[in-house]
Amino acid sequence: RVACVFLAVGSLSSLVARAGVRADLSSERLHTLSRETIDAIRQIPKDRPVFIQAYYSPEVPREYVETKLDLINYLKDYAAEGGDRIRLNLVETELYSPQASDAEKRFGIEPRRVMVADDAKQSSAEIYLGVAFNSGLEEVIIPFFDRGLPVEYELTRSLRVVSRSGRKKVGILNTDAKLMGNFDFR
């Protein structure tokens with residue numbers, strides 16, 4: 001009976017995972033895309049998909065583990081939400097590998113030297129955490145995600161720019177009312 005219960009739970013979780021259903025059980029809803037992000041993804045034209053290439057190091061210092069996991073998880077959520085509108089390519093990139101050469105030549109994404117504090121010594125490491133967005137002739141590149149940079153905000157901003165969706169326009173109105181008191185700076 002115990003084996004049957006484990007088999008049933010395993011089968012159910014496999015079916016749920018294949019269906020793309022994800023549950024965010026955190027009280028702050030930390031792992032759920034914001035309403036603005038979902039709207040931005042839905043505004044992408046179906047005839048102009050967004051191609052996302054993410055280059056990341058397989059091993060990163062302890063200080064960058066959270067940023068790397070956030071980046072990969074958000075990108076997977078974007079691809080799941082976008083369906084055919086977003087094409088995601090996650091590229092695990094080692095130093096001096098063909099993937100590293102491709103990242104540098106195509107998008108200018110280079111490894112960033114970061115300081116690592118281990119126990120009693122301080123050293124440095126070179127890591128990749130860059131993303132390139134393409135849609136038609138538009139291209140936006142984020143060469144590196146530093147710690148503390150809001151990952152979802154940067155991804156959504158880049159997605160909006162490259163897809164040309166939901167961009168607000170600012171107009172300048174010229175009236176007889178002089179905002180600067182009719183002062184001439186010349």
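Excluded from the calculations below are hydrogen atoms, water molecules and symmetry mates; all remaining heavy atoms, backbone and side chain alike, are included.
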Could you check whether Y153 and T37, counting side-chain N and O atoms only, form a donor-acceptor pair closer than 3.5 Å?
no
What do you reckon, is CG of D84 surrounded by more than 12 foreign heavy atoms closer than 6.0 Å?
no
How about E66: does its CD atom have over 12 heavy atoms from other parts shown lying under 6.0 Å from it?
no
Sequence-distant partners of R147, side chain to side chain contact (heavy atoms under 4.5 Å, CB included), two or more places apart:
E63, Y64, T67
Decide whether F51 and V140 are clustered together by the hydrophobic rule: side chain heavy atoms of Ile, Leu, Val, Met, Phe, Trp, Tyr closer than 4.5 Å, transitively.
no
For L155 against F133, the heavy-atom pair lying closest together
CD2-CZ, 3.6 Å
Under the rule for salt bridge (charged side-chain N to carboxylate O under 4.0 Å, His left out), what residues qualify as partners of D146, not counting sequence neighbours?
R112
Sub-4.5 Å side-chain heavy-atom contact between V5 and R1
no
The single option from I141, I142, V131, L129 passing side-chain contact (heavy atoms from CB on, under 4.5 Å) against I109
I141
Kindly list each side-chain donor-acceptor pair under 3.5 angstrom involving residues 86-96, sequence neighbours excluded, with atom names and distances?
residue : atom : partner : partner atom : Å
N89     : ND2  : Q53     : OE1          : 2.5
T93     : OG1  : V91     : O            : 3.0

R62: what forms a side chain to side chain contact (heavy atoms under 4.5 Å, CB included) with it, not counting sequence neighbours?
D118
Indicate the atoms forming the closest heavy-atom contact of S135 with P49, along with that distance.
OG-O, 3.3 Å
Is it true that the side chains of Q43 and S163 contain a donor and an acceptor less than 3.5 Å apart?
no
What pairs with E154 under salt bridge (charged side-chain N to carboxylate O under 4.0 Å, His left out), at least two apart in sequence or on another chain?
R157
V162, F107: one ILVMFWY side-chain cluster at the under-4.5 Å cut-off?
no
Gap separating the CD1 atom of I41 from the OG1 atom of T156, nearest 0.5 angstrom:
6.5 Å
For the CG atom of D70 and the CG atom of D77, what is their distance to the nearest 0.5 Å?
10.5 Å
Given 3.5 Å as the limit, does a donor-acceptor pair link the side chain of Y78 with the main chain of E152, or not?
yes
Taking only residues two or more places apart in sequence, or in another chain, which ones meet S57 in a side chain to side chain contact (heavy atoms under 4.5 Å, CB included)?
V60, I127, Y128
Joint hydrophobic cluster, V116 plus L69, side-chain heavy atoms closer than 4.5 Å
no
Heavy-atom count check: over 12 atoms from other residues, nucleotides or ligands less than 6.0 Å from E59 CD?
no
If only atom types and distance count, is the side chain of K76 paired as donor or acceptor with the main-chain N or O of L71 below 3.5 Å?
no
Are Y74 and Y56 co-members of a hydrophobic cluster defined by side-chain heavy atoms under 4.5 Å apart?
yes
Rounded to the nearest 0.5 Å, how far does CD1 of I38 lie from CZ of R42?
6.0 Å
Distance (rounded to the nearest 0.5 Å) between R48 CZ and E138 CD:
6.5 Å
Hey, quick one: are V65 and Y55 part of the same hydrophobic cluster, counting side-chain heavy atoms closer than 4.5 Å, chains of contacts allowed?
no
Please check this pair: side chain of R113 against backbone of A125, looking for a donor-acceptor N/O pair closer than 3.5 Å.
no
